[in-house]
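Here is the structure we will look at, set down as structure tokens.
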Amino acid sequence: MKILILGAGKMGSFFTDVLSFEHEVAVFEADPKRLRFMYNCYRFTKEEEIEAFRPELVINAVTVKYTLQAFNQVMPFLPKDCIISDIASVKTDLQAFYEQCGFRYVSTHPMFGPTFANLDQLSSENAIIIKEGDHLGKIFFKDLYQRLGLNIFEYTFEEHDETMAYSLSIPFVSTFAFAAVMKHQDAPGTTFKRHMAIAKGVLSEDDYLLQEILFNPRTPAHVEGIRTELNELLDIISKKDAGRMRAYLEKIRGHIK
């Protein structure tokens, strides 16, 4: 299969590495310096090269801020039967875009971003395939993710955004709160060091990506839930109420079983 990957960042490099030994892969990247370490693939910097390549599948792996811009840039140079796809963790506006773009499409979300995941051992990681979209495109990604050992879930665009509001917004906001009150520790404990590693990983992500995840319309309700729990915990601590503390710990331990 002829596959064009947009973007030579972390995820673009990952998909190139995974796919290039079984498919004919090209990477399109406007900044030629970012293509220096891409191997076993064609390296394109001009749209005309895409037109000559005639890809059958496009995987848009640019940062969330430029996802739609990248699609609009290359679509005039794609064959009409090409399937376009994204791997964005934020699907805002993508459904409306796909429905009017005139191309077959498939949308997925590999939830193992390179920041934390061991890319050689992905059996504990997840991927979402959006139910709407081209049947053959979904089969391609389902087969790919199965071979990577990922746990696959199928959601609608609506279900995906609701899930992301919970599974990304809550840990991100909790991490921000930790980083906001953090002070330098000469002799940090194990728990502190683990939280610090998570904070550094999250805050190394693209600012626009963090913004879009937190600006999800469903996020405020989950953040409000965090504030409610913090208020209750603060009240328990302030009153040194051992009975309520035991009950609170029992409740939250039940949440993580």
With a 4.5 Å limit on heavy-atom distance, are the side chains of Met75 and Ile84 in contact?
-> yes

Report yes if some heavy atom in the side chain of Leu4 is under 4.5 Å from a heavy atom in the side chain of Leu57; otherwise report no.
-> no

Min side-chain heavy-atom separation Ser85-Phe141 under 4.5 Å | yes

List in chain and number order the residues that pass side chain to side chain contact (heavy atoms under 4.5 Å, CB included) with Lys131, two or more places apart in sequence or in another chain; answer none if no residue qualifies.
-> Glu154, Thr156, Glu159

Applying side-chain hydrogen bond (donor to acceptor under 3.5 Å, both in side chains) to Lys80 and not counting sequence neighbours gives none

Would you say Phe178 has more than 12 foreign heavy atoms packed within less than 6.0 Å of its CZ?
-> yes

Do other residues, nucleotides or ligands put more than 12 heavy atoms under 6.0 Å from Asp81 CG?
-> yes

CE on Met38 to OG on Ser13, rounded to 0.5 Å | 4.0 Å

Using the ring of each side chain (for Trp, its six-membered ring), is Phe157 parallel, tilted or perpendicular to Tyr98, with breaks at 30° and 60°?
-> tilted

Between Glu49 and Lys46, is there a salt bridge with N-O shorter than 4.0 Å?
-> no

Does the side chain of Leu94 reach to within under 4.5 Å of the side chain of Leu68, using non-hydrogen atoms?
-> yes

For the residue pair Phe53 and Phe44, does the interplanar ring angle fall in the parallel (under 30°), tilted (30 to 60°) or perpendicular (over 60°) class?
-> perpendicular

Before accepting this row, confirm whether a basic side-chain N of the pair Glu162/Arg218 lies closer than 4.0 Å to the acidic partner's carboxylate O.
-> yes

Side-chain heavy-atom pair Glu132, Glu99 within 4.5 angstrom cut-off | no

Is a side-chain N or O of Lys91 found less than 3.5 angstrom from the main chain of Ser107, in a donor-acceptor match?
-> no

